[in-house]
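Written out below as structure tokens is the structure these notes cover.
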Amino acid sequence: MQVVFETQRLKVRKLLLKDFKPFHEMHSNIRVMQYVRGRAMTFEENEKELPALIEKYKNPENDFWIYAIERKEDGHFVGTVALVKDTQGDDEIGYRFLEKYWKNGYGFEIAEGLVSYCRSLGMSKVIANVVVKNEASTKIIRKLGFHFVGDFVSDDLKLPERKFELKL
């Protein structure tokens, strides 16, 4: 297993087909997906989504990287982390966790690790788009030193969002 980066308690690695059960559990939970897609994903959608994300690893020009997050202590899949180009060509970070792993400090830990990883890649800035109602993620992004750029309504979610930026 190739580790992309690590934090104190977590490892980030490429997704694997064996991740399907927790991947589906996470994506089929409306509380997890409300600020991502605005709806839970079906079994059939997840059955297509996971292999499609894995296939992207084969393309070095890919600009849509989604990785698995697992706990070091037991190897359990706890969520995913994203590093993608947005529609303006900015490097956007994101993360999501299975609901049963919320409120453990993993969000801040993985976001901080992802920012460090982006620095190590030589990026000059990263952005985070956060749905206004997602107060937990807003707190994390602000704690990491991201600065507010502006408000917008996303084309896909149709929800008010805030764009934050962090110079690296």
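Nothing fancy with the numbering, it's 1 onward along the sequence.
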* Looking just at side-chain N and O atoms, do His27 and Arg37 make a donor-acceptor pair shorter than 3.5 Å? -> no
*Using a 4.5 Å cut-off on heavy atoms from C-beta on, say whether the side chain of Val32 contacts that of Leu98.*
no
Is there side-chain contact between Tyr101 and Ile69, with at least one heavy-atom pair below 4.5 Å? no
TODO: On the 0 to 90° scale, with breaks at 30° and 60°, tag the Phe97-Tyr95 ring pair as parallel, tilted or perpendicular.
DONE: tilted
*Taking it one step at a time, do Phe148 and Lys163 satisfy side-chain contact (heavy atoms from CB on, under 4.5 Å)?*
CA-CA 6 Å; Phe148 174 73; Lys163 181 175 181 174; over 6 Å; no
Those residues at least two apart in sequence (or on a different chain) that pass ring-ring contact (aromatic ring centres under 6.0 Å, His included) with Phe5 are Tyr117
Side-chain heavy atoms of Lys21 within contact of Phe77, under 4.5 Å
no
Across all chains, not counting sequence neighbours, the salt bridge (Lys or Arg N to Asp or Glu O under 4.0 Å) partners of Glu135 are none
Taking every heavy atom of Ser137 against every heavy atom of Val130, the minimum-distance pair comes out as CB-CG1, 3.9 Å
Side-chain donor-acceptor distances from residues 61-68 under 3.5 Å, at least two apart:
from: Asn62; atom 1: OD1; to: Phe64; atom 2: N; distance (Å): 2.9
from: Asn62; atom 1: ND2; to: Lys56; atom 2: O; distance (Å): 3.4
from: Asn62; atom 1: ND2; to: Phe64; atom 2: O; distance (Å): 3.0
from: Trp65; atom 1: NE1; to: Asn62; atom 2: O; distance (Å): 3.0

In short, Lys14 meets Asp19 closest at the heavy-atom pair O-OD2, 4.4 Å
**Asked** Going only through I, L, V, M, F, W and Y residues with side-chain contacts under 4.5 Å, is there a path from Leu168 to Val12?
**Response** yes
For Glu6, the side-chain contact (heavy atoms from CB on, under 4.5 Å) test, sequence neighbours excluded, returns Val3, Lys11, Lys72
Are any non-hydrogen side-chain atoms of Leu144 and Phe164 less than 4.5 angstrom apart? no
Sorted by chain and number, sequence neighbours left out, side-chain hydrogen bond (donor to acceptor under 3.5 Å, both in side chains) with Asp155 holds for none
Across all chains, not counting sequence neighbours, the side-chain hydrogen bond (donor to acceptor under 3.5 Å, both in side chains) partners of Glu55 are Lys58
Closest non-hydrogen atoms of Leu114 and Ala82, given as atom of the first, atom of the second and distance, are CD2-O, 3.5 Å
Residue pairs meeting side chain to side chain donor-acceptor pair (under 3.5 Å), one or both in residues 139-153, sequence neighbours left out, come to Asp151-Arg162
Correct closest heavy-atom pair for Lys100 and Asn104 would be O-ND2, 4.2 Å
Note: Ala111 and Ile140 closest approach over all heavy atoms is CB-CG2, 3.8 Å
| message | When you measure from the side chain of Asp90 to the backbone of Glu92, do you find a donor-acceptor pair of N or O atoms at a distance under 3.5 Å? | response | no
Sorted by chain and number, sequence neighbours left out, side-chain contact (heavy atoms from CB on, under 4.5 Å) with Ala136 holds for Asn134
Note: Val78 and Arg71 closest approach over all heavy atoms is CG1-CG, 3.5 Å
Pairwise side-chain contact, Phe146 with Thr138, heavy-atom cut-off 4.5 Å (strictly under)
no
Mark yes or no for whether His24, through its side chain, and Phe20, through its backbone, hold a donor-acceptor pair below 3.5 Å.
no
Are there over 12 heavy-atom neighbours, none belonging to Glu44, within less than 6.0 Å of that residue's CD? yes
Across all chains, not counting sequence neighbours, the salt bridge (Lys or Arg N to Asp or Glu O under 4.0 Å) partners of Asp156 are none
Worksheet item: Would you say Tyr35 and Tyr106 are hydrophobically clustered, going by side-chain heavy atoms of ILVMFWY under 4.5 Å?
Response: no
By side-chain contact (heavy atoms from CB on, under 4.5 Å), Leu157 pairs with (sequence neighbours left out) Val131, Ser154, Leu159, Glu161
Just wondering, do Met26 and Asn29 contact through their side chains at under 4.5 Å, heavy atoms?
no
Residue set satisfying side-chain contact (heavy atoms from CB on, under 4.5 Å) with Lys18, at least two apart, ordered chain then number -> Arg13, Leu16
Taking Glu70 for the side chain and Leu10 for the main chain, is one N or O donor matched with an acceptor at less than 3.5 Å? no
Can a donor-acceptor pair be found, under 3.5 Å and without considering hydrogens, that links the side chain of Glu45 to the backbone of Thr42?
yes
Taken in chain and number order and not counting sequence neighbours, the residues that satisfy salt bridge (Lys or Arg N to Asp or Glu O under 4.0 Å) with Glu47 are none
Check: Asp91 and Cys118 side chains under 4.5 Å, non-hydrogen atoms = no
Identify whether Phe152 and Val132 are in the same connected component of the hydrophobic contact network (ILVMFWY, side-chain heavy atoms under 4.5 Å).
-> no
CD of Glu165 to CD1 of Ile141, rounded to nearest 0.5 Å, is 12.5 Å
Test item: Leu83 and Leu121 side chains (from C-beta on) under 4.5 Å apart, heavy atoms = yes
